[in-house]
Every structure is written in C-alpha cells, then in structure tokens.
Amino acid sequence: MLTISLIREKKDFIIERLKIKNFDAEDILEKIISLDTARREKQTRADLLHGEMNIISRDIGSLIKEGRQNEAEEAKEKTYKIKEEIRSLTDELGPIDEELRSEIIKLPNLPHHSVSHGHGADDNVKVREGGEITALPEPALPHWDLIKKYDIIDFDLGIKITGAGFPLYKGKGARLERALINFFLDEGVKAGYREMMPPVVVNEDSGFGTGQLPDKEGQMYHVGLDNLYLIPTAEVPVTNIYRDSILNAAELPVKNVAYTPCFRREAGSWGAHVRGLNRLHQFDKVEIVQIAHPDRSYEALEEMVNHVESLIVKLGLPYRIMRLCGGDMSFTSALTYDFEVWSGAQKRWLEVSSTSNFESFQANRLRCRFREKGNKQTQLVHTLNGSALALPRIVAAIIENNQTGTGIRVPQVLVPYTGFEMID
RNA sequence: GGAGAAAUGGCAGAGUGGUCGAAUGCGGCGGUCUUGAAAACCGUUGUCCUGCUAUCGUGGGACCGGGGGUUCGAAUCCCUCUUUCUCCGCCA
C-alpha cells in the first residue's frame, strides 16, 4: 500500500512509475486525492467540534460542582446541536474512509528504477547464469516417470487421500525432501538467519498485512468455520510477526528463515506445463525474510540473491537469474529476481525462487516502523523475502539431471542429510 | 465444551463517571557529580490523524484488548466479539 502522503505529493511521479507495470493510475489517483481532501475537510471540522464539546463538558463539570444547576442545564442544551453535527459528519466520514482505503489498495507498488518495461516472461532480463547443462543418458526420463520408476513420489495415492496436486512422498523420496529442508534451513542459519517455525494457518489481518487479501483471496485455502487461511508461503506468518510494531534501528536488519508447507489453490492455472511436480496444491518451501533499514534494503536484496544462488550452486544445478520486467512483477514488489533451474529431461527452465524487495509497500499495510536512536520520528521499514528454496521443482531438476539409467545420484552436499548416495 | 475471573503506556501496577494521556515503581533517554564507571540526585519518556511553522517546535483531535451503546462528559456504566488465567470435562 502506497502512503497517502506520497500520493498527495508525487502524483505525477506515481503515474510515470506505474506505466512500467502497465498500470494506468491516473483515474484512481484523481479519485484518491479528492476523497482524501474531502476526508480531511470533514475530519478537521469534526475535530474542531469535538474540541468545543470537550470545553463545554468540562465547564458543566465545574458548574455542577459549584452547585450552579441552572447554568449547567443551559450548557447541556448547547451541546445537543453540536453533537448532532458531529454525528452527521461522522456518518459521512465512514463511507469516505472506506472508499478511500479501497481505492488506495488498488495501486500496485512502484517498481525500482532498474526495472524495465515489459509485458511478460519474455521481457525479463537475464542477470547471470551458472552451472553446466550436461547431456543426459538416452532415453532421458522426465521426473514424473522417474518417480514412478523408483517409487519415491506417488501422485495416485495423494489423489486417493486428498486430491490432485497433493503428492505422497515415499521412502527415499521422503528422505530426499526432508534432507533438502534441513539443508536449506542449516544454510540459512549459517548465513545469519534466525530459524522460525510459524503457524501455517493465519487470520484475515495477517492475510491483509502481506497483501494476499483482499485481491488474491481465491488463491488461498480458506477454513470457513474459523475464518482462517492456509498459508501460500511462509512469508505471510513470518512477515506478520512484525505487524503493528516499532523496531529500533539497531535491530535492523531482522533476518528470519522458516520452513513451512505451502498451500495454493492455483485456481485456473492448470495446463500443459504443470505435470508432475511442476505445480502442486501443497508443497514444501524454505523462505528467507528480512526487515531492513530503507537505506540498506537493496544491499539486503543483493545478499539474499547471493544466498539463494549459493544454494543452487551447491546442489550443482544449472541456473539463471532473471530480473523481472514491470509486466511480470507481482503487485506488491518493487524489484524481483527469479531463479530458474534447468530441467534436463523436460528441457525447460523451472522457477525455484522469487526474491523481492517490497520496500515500504507491505510495511505500510503492516504498520511496521522503526526509530533511529535519538530520533522521535518513526518511519516505515522495508520488507524483503525470497524462496530459499521451493522444493518440488528443485526435486524435479535433481532427479532429472542426475539420472544415470540405473538410478538417481544424490548431490554430494545432501548425502550427509539423506544417508544414501543413490536412489535406485 | 461447561463455570468463574481478567485485559490499562516498553514492563509491573493504581485508577469505578468530570482538566486522566492516565498515579507510582522499573526500564529507556538526557544531565549533575566522577579520571572513568557505579550509586545518588534532577529532568525527560507512547502512537496515530490534522492545522500552523523552512526547522526545533507548537495548536486541535483520537487512542486504556476490538467493535457498538448510555451520558453534557466514559479507562470507569451497558451490550458484543476476541484473548488470557483458574477450576471441571475431553485429548496428541
């Protein structure tokens, strides 16, 4: 959510920046500014009347104390009209506030100046790449065949238990999954992140705080009876730790890492490219989250990008890092890097991490601020997060790229975690 | 799930209708003293909205778990929701 002060002061700047995201903000901004003006005018008037009321009420108090009943009654008479006026102002104010809010949350975050204009994935900019794409023994099997061949992930049983998109990990498949989770968490802790294990269902306030609600309501599983949501990412609970809080500048940056299962309804997004592990309703992910000082949030982003990259390098997967163009970026992000690994048998790049700086966009919704030592004023923090990493596509790439014809070689860094070198 | 009690500033904890944004203590910050530190003493100490001011500031308003109500006036009374605690029941 953009701050109202920015909207008031930099309307034209916002219009220009949002063109990068192919978003026409002009009409919304006009509306916001006129609503805001009306709101302030009425609020000021109401405050003034409240002030008057406070004075009269105080006087009535002392009049009664002094036993001057008649004068007190006269003063009461005076308040009735003022009270009524306040009430009608308040009644008008409610809908204005509501509409103002609903308009403001329609505005996406402003993209960072390095973000290029574009309409979709084809316009993303390759920042760098690494690893080697090696030839696989023929016939190279896609992961959905390999998992059956070695009986490590079972979609049919997942369907039986729950439904499509809820796989059952079996034997060495389950061990591999757990090994990756532990490896990612350990690496995060080594990099200075504090490990967290948050709830995986959240309330409405949390959903709103990180921007899933109200616009992406249909993407989350909703527990109607208790009005709770299954998290689509650990970003939601972990960032909401800091909702409604004021941090000391000295505490920044706050760095947390968390493993959670993630739940996504993925309504309407099934198609040709989502076979097997490519898209699931439930999957495992380790997420890194930082709360940073605004002056240093891009350093933090850089650091996070390097961390994610190091994980992929250690797993020995060919990868590339893409800077998303305006059209492919999320609503809330100011700058996003996507990490893609090469899936040898599918012969395509799979997105395994999205690492973003949200600047103050989430912080404003979260009301998460910080204070510089010796300074009275608070200002909004910057929030960042990134997958480090999302498991299913990593698993897909590992088992496709490391197939030997007689088995699947486990990456060396994982062997201490799995306890075996081959899946066969 | 049943019965009862409670929710106040960073924390502890007063306050049961009238200058209460809120006593007091602790903590924090600034100062005096000291070679330095501690102790002691003095001062200061929330958030949000808004007006004025180039700035330090300063005026007004709101906020005592959330929402609603009664009243000229609510931290204080009423309703409701949420949460916490105690007892009982159930239970990984």
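Sequence lines set the chain letters: A, B, ... in the order given, protein chains first and strands last, and positions in each chain run from 1. Any value given below was found using the heavy atoms of this structure, including those in side chains, with hydrogens, waters and symmetry copies removed.
In summary, the side chains of A:Gln43 and A:Asp47 do present a donor paired with an acceptor at a separation below 3.5 Å, with no hydrogens or angles considered. Donor-acceptor pairing under 3.5 Å is recorded for the side chains of A:Tyr193 and A:Gln290. Residues A:Asn109 and A:Thr332 bring no donor and acceptor atom of their side chains to less than 3.5 Å of each other.
Protein atom CG of A:Leu93 is 12 Å distant from nucleotide atom P of B:rU50, rounded to whole Å. If you measure from atom CG of A:Asn203 to atom C1' of B:rG66, you get 13 Å, rounded to the nearest angstrom. Rounded to whole Å, the distance from CD on A:Gln379 to P on B:rU47 is 14 Å. Counting to the nearest Å, the P atom of B:rC72 and the CD atom of A:Gln69 are 14 Å from each other. For the pair A:Leu228 CG and B:rU83 P, the computed distance is 10 Å after rounding to whole Å. The distance between atom CD1 of A:Ile55 and atom C1' of B:rG61, rounded to the nearest whole Å, is 12 Å. Residue A:Glu77 contributes atom CD, which lies 10 Å from atom P of B:rC72 at whole-angstrom precision. Remark: P of B:rC49 and CG of A:Asp36 are 12 Å apart, rounded to the nearest angstrom.
Projected onto RNA chain B by closest heavy-atom contact, A:Arg87 and A:Gln377 fall at different nucleotides, the more 5' of which corresponds to A:Gln377. Across the interface with RNA chain B, nearest-nucleotide mapping of A:Thr79 and A:Ile246 shows A:Ile246 to be the residue nearer the 5′ end.
Among the heavy atoms of the strands, none lies under 4.0 Å from A:Arg367. If you check every strand for non-hydrogen atoms under 4.0 Å, A:Ser57 touches a base. Nucleic acid contact for A:Ile64: base, since at least one base atom lies under 4.0 Å from a heavy atom of the residue. At a threshold of 4.0 angstrom between heavy atoms, the contacts of A:Thr378 are confined to the sugar-phosphate backbone, with no base atom among them.
Taking the C1' atom of each, B:rA7 and B:rG43 are spaced 33 Å apart, rounded to whole Å. When the P atom is compared between B:rG31 and B:rA23, the two are found 25 Å apart, to the nearest whole Å. Taking the P atoms as reference points, B:rG46 lies 15 Å from B:rC29, given to the whole Å. The separation of B:rU47 from B:rG10, taken at their C1' atoms, amounts to 13 Å, rounded to a whole angstrom. Between the P atoms of B:rG59 and B:rC11, the separation comes to 28 Å (whole Å). Distance check on atom P: B:rU8 versus B:rG2 gives 25 Å, rounded to whole Å. To the nearest whole angstrom, the two P atoms, one in B:rC79 and one in B:rC20, are 28 Å apart.
At least one side-chain nitrogen or oxygen of A:Arg40 sits closer than 4.0 Å to the OP1 or OP2 atom of B:rG51. In this structure, A:Arg371 reaches the B:rU47 phosphate: one of its side-chain N or O atoms is under 4.0 Å from OP1 or OP2. Considering only side-chain N and O atoms, A:Asn54 lies under 4.0 angstrom from the phosphate OP1 or OP2 of B:rG61. For the pair A:Arg369 and B:rC48, the criterion of a side-chain N or O lying under 4.0 Å from OP1 or OP2 is met.
With a cut-off of 3.5 Å on both pairing distances, the Watson-Crick or G-U wobble partner of B:rA7 is B:rU82. In this structure, B:rC77 and B:rG69 make a Watson-Crick or G-U wobble pair, each of the two defining distances being under 3.5 angstrom. Across all strands shown, B:rG30 pairs with B:rC42; the Watson-Crick or G-U wobble distances both stay below 3.5 Å. Remark: B:rG89 base-pairs with no nucleotide; criterion is Watson-Crick or G-U wobble with both hydrogen-bond distances under 3.5 Å. With a cut-off of 3.5 Å on both pairing distances, B:rA54 has no Watson-Crick or G-U wobble partner at all. A 3.5 Å limit on both hydrogen-bonding distances identifies no Watson-Crick or G-U partner for B:rA22.
Surrounding CD of A:Glu92 are more than 12 heavy atoms belonging to other residues, nucleotides or ligands, all under 6.0 Å away. More than 12 heavy atoms of other shown residues, nucleotides or ligands fall within 6.0 angstrom of atom CZ in A:Phe420. More than 12 heavy atoms of other residues, nucleotides or ligands sit less than 6.0 Å from atom NZ of A:Lys149.
For A:Asp47, taking side-chain heavy atoms from C-beta onward, the closest of the listed nucleotides B:rG69, B:rC72, B:rG61 is B:rG61. Picking from B:rG46, B:rU50, B:rG18 the nucleotide with the shortest atom distance to the side chain of A:Ile60 gives B:rG18. The nucleotide whose nearest atom lies closest to any side-chain atom of A:Lys83 is, among B:rC72, B:rG46, B:rC49, B:rC72. Picking from B:rC72, B:rU50, B:rG60 the nucleotide with the shortest atom distance to the side chain of A:Arg39 gives B:rU50.
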Query raised in the report: Given the rule in the side-chain contact (heavy atoms from CB on, under 4.5 Å) test, do A:Ile291 and A:Leu252 qualify, once you have shown the distances and angles that lead to the verdict?
Result: CA-CA 7 Å; A:Ile291 311 287; A:Leu252 302 176; 4.0 Å; yes

**Report entry** Audit row: A:Glu85, A:Arg45, side-chain contact (heavy atoms from CB on, under 4.5 Å) steps and yes/no
**Finding:** CA-CA 10 Å; A:Glu85 206 176 330; A:Arg45 176 110 189 90; 2.6 Å; yes

